[in-house]
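Structure first, then comments.
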Amino acid sequence: MCVPTRYDATREDLAELLADQPRFRVDQVLHGLYDDLASPAELTTLPKALREQLEAALPPALRIATEKSADDGETTKWVFSLADGAMVETVLMEYDDRVTACLSSQAGCAMGCTFCATGQAGFTRNLEVGEIVEQFVVAARAARPRRLSNIVFMGMGEPLANVDRLFDAIRRLHGDLGLSARRITVSTVGIIPGIKRLTDFELPVNLAVSLHAANDVTRTSLVPMNKRYPLADLHDACAAYVETSGRRLSFEWACIDGVNDTDLAARELAAFAIPLKAHVNLIPLNPTPGYLVRGSTLARVREFRDDLLDYGVNATIRRTRGVEIDAACGQLAAEVVRERIALRPR
Ligand code: SAH
Ligand code: SF4
């Protein structure tokens, strides 16, 4: 870790930092950080000198590089720069019945999915616990007066490739920030050891698997990790999750013209999903600079959904948010990639 930031600090760290203060200060600071989502500088119940001391000792993890909004202010995207200059993105989406934030788990991603802007940009590093938790805090503050009710780990990075920090961050969100684990969804490309860890995890978080194809040849061409964790093994790991957790599994499927939106693809997906009673989320593909195949038309996505429904699969089309600000999940790093491609020597 570079420097521990304010949401990395444990109760013990705070007790050490506040050793020369009255005992109640630790609870005061914890209450401020976790219940009021306040920065140390905003803790007006503390003496001014102490506020300044804490602000310096517990720096923020995230500096806002850009903030954009779309969909009449119902979608907000932040690009944050971290202490070492790495960049991550977070999106807040307000719906009638819930407020969801899409958080990043890594700066970049090493999984190399061909159609994904983050995959095209490559891997920078894992995020620390405080860097994950603070994304929640910024989004929850911006959501006020509404309550941030749901979290999806569908931003930059592969959460199950950073599983220890991810779990610690989820423990903080659940235990300290009052967000029920049932309202947290971890999306994975299909890292089987990580799915097993999630199956055994003490908190009941939801699992979404980014499937995109239900035959190994097509899936490996889209998701290179499929070579290491092929569909038969993925199916077994998903079955164990469903059986052990009793929770619903969902599959993500970005519809790509002629690649995974055919009648055959629907049959393969149905055969894979039905025994797992999985829900399928169809996402219209967002265009990215490094992948030139088009997304399916909305008409084709609807037909594909109807085919799935006819086969008895529970399938819905996900409404994409913030397309004009590149805020759609999986699309988060698009601008950064565009810049990098523009800078590449010819
Ligand atoms: N690494 C994790 C979570 C981050 S990606 C995962 O892959 O699941 C979040 C979601 O966005 C995944 O379902 C991913 O497949 C999807 N996605 C990535 N690029 C996309 C694109 N260009 N269009 C639509 N969905 C995309
Ligand atoms: Fe990584 Fe997910 Fe993008 Fe694949 S889709 S490259 S796993 S962020």
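Indexing begins at 1, ligand by ligand and atom by atom, following the structure's order. Positions are given from 1 along the sequence.
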State whether E67 and K77 are salt-bridged, where the test is any N-O pair (Lys NZ or Arg NE/NH1/NH2 against Asp/Glu carboxylate O) under 4.0 Å. no

Does this structure show an ion pair linking E252 with R318, if we count only N-O contacts that are shorter than 4.0 Å? yes

Could you pull out, from G157, S187, G295, the option with a heavy atom nearest to atom 1 (N) of ligand 1? G157

With a 4.0 Å cut-off on heavy atoms, does S210 reach ligand 2? no

For ligand 1, which atoms have a heavy atom of F153 less than 4.0 angstrom away? 3 (C)

Ligand 1 atoms in contact with T288 (distance to a heavy atom under 4.0 Å): 22 (N)

Checking contacts here: is it the side chain or the backbone of E252 that comes within 4.0 Å of ligand 1, counting heavy atoms only? Could be both or neither. side chain

Looking only at the side chains, is there a donor atom on one of R247 and N206 sitting less than 3.5 Å from an acceptor on the other? yes

Are D176 and R171 close enough, and set up right, to give a salt bridge (charged side-chain N to carboxylate O under 4.0 Å, His left out), and what steps lead you there? CA-CA 8 Å; D176 299 324; R171 288 185 185 104; over 6 Å; no

Under 3.5 Å between some N or O of ligand 1 and some N or O of P159? no

Salt bridge between R219 and E268, side-chain N to carboxylate O under 4.0 Å? no

Where's the contact between C113 and ligand 2, heavy-atom distance under 4.0 Å: side chain, backbone, both or neither? both

Who pairs with K227 by side chain to side chain contact (heavy atoms under 4.5 Å, CB included), at least two apart in sequence or on another chain? T220

Which ligand 2 atoms are under 4.0 Å away from a heavy-atom of V189? 7 (S)

Heavy atoms only, cut-off 4.0 Å: how does N286 contact ligand 1, side chain, backbone, both, or neither? both

Under 4.0 Å, heavy-atom basis, I'd like to know which part of Y291 is in contact with ligand 1: side chain, backbone, both or neither. neither

What atoms of ligand 2 come closer than 4.0 angstrom to any heavy atom of M111? 1 (Fe), 7 (S)

Mark the output for G155 as yes if a heavy-atom distance to ligand 1 is under 4.0 Å, and as no if none is. yes

Side-chain ion pair, R165 and D168, N-O less than 4.0 Å: no

Output the list of atoms in ligand 2 that are nearer than 4.0 Å to some heavy atom of G119, sorted by atom number. 6 (S)

Using 4.0 Å as the upper bound for N to carboxylate O, is an ion pair formed by R147 and D97? no

Students often mix this up, so state it plainly: with edges at 30° and 60°, are the rings of F115 and Y291 parallel, tilted or perpendicular? perpendicular

Taking the six-membered ring for Trp and the full ring for Phe, Tyr or His, determine whether the centres of F272 and H235 are under 6.0 Å apart. yes

How about C116: does one of its N, O or S atoms come closer than 2.8 Å to atom 3 (Fe) of ligand 2? yes

With a 4.0 Å cut-off, would you call D164 and R197 a salt bridge? yes

What about E158: any of its N or O atoms under 3.5 Å from an N or O on ligand 1? yes

Linked, directly or transitively: V280 and I274 (ILVMFWY side chains, under 4.5 Å): yes

Check ligand 1 against C116 and write out every atom of the ligand that is under 4.0 Å from a heavy-atom position of the residue. 18 (C), 19 (N)

Of the choices S210, S104, P284, which has the non-hydrogen atom that lies closest to atom 10 (C) of ligand 1? S210

Quick one: look at T188 and ligand 1, take heavy-atom pairs under 4.0 Å, and tell me if it's side chain, backbone, both or neither. backbone

Check ligand 1 against H212 and write out every atom of the ligand that is under 4.0 Å from a heavy-atom position of the residue. 14 (C), 15 (O)

So for M156 against ligand 1, with non-hydrogen atoms under 4.0 Å, the contacting part is neither

Provide the number and element of each atom of ligand 1 under 4.0 Å from a heavy atom of M154. 4 (C), 9 (C)

List every atom of ligand 2 that sits less than 4.0 Å from any heavy atom of G157, numbering the atoms from 1 in the order shown and giving each element. 8 (S)

So does E42 pair up with K48, basic N to acidic O under 4.0 Å? no

Looking only at distances, can you tell me whether any N or O atom of F115, backbone or side chain, sits closer than 3.5 Å to an N or O atom of ligand 1? yes

Under 4.0 Å between a side-chain nitrogen and a carboxylate oxygen: does that hold for R11 and D27? yes

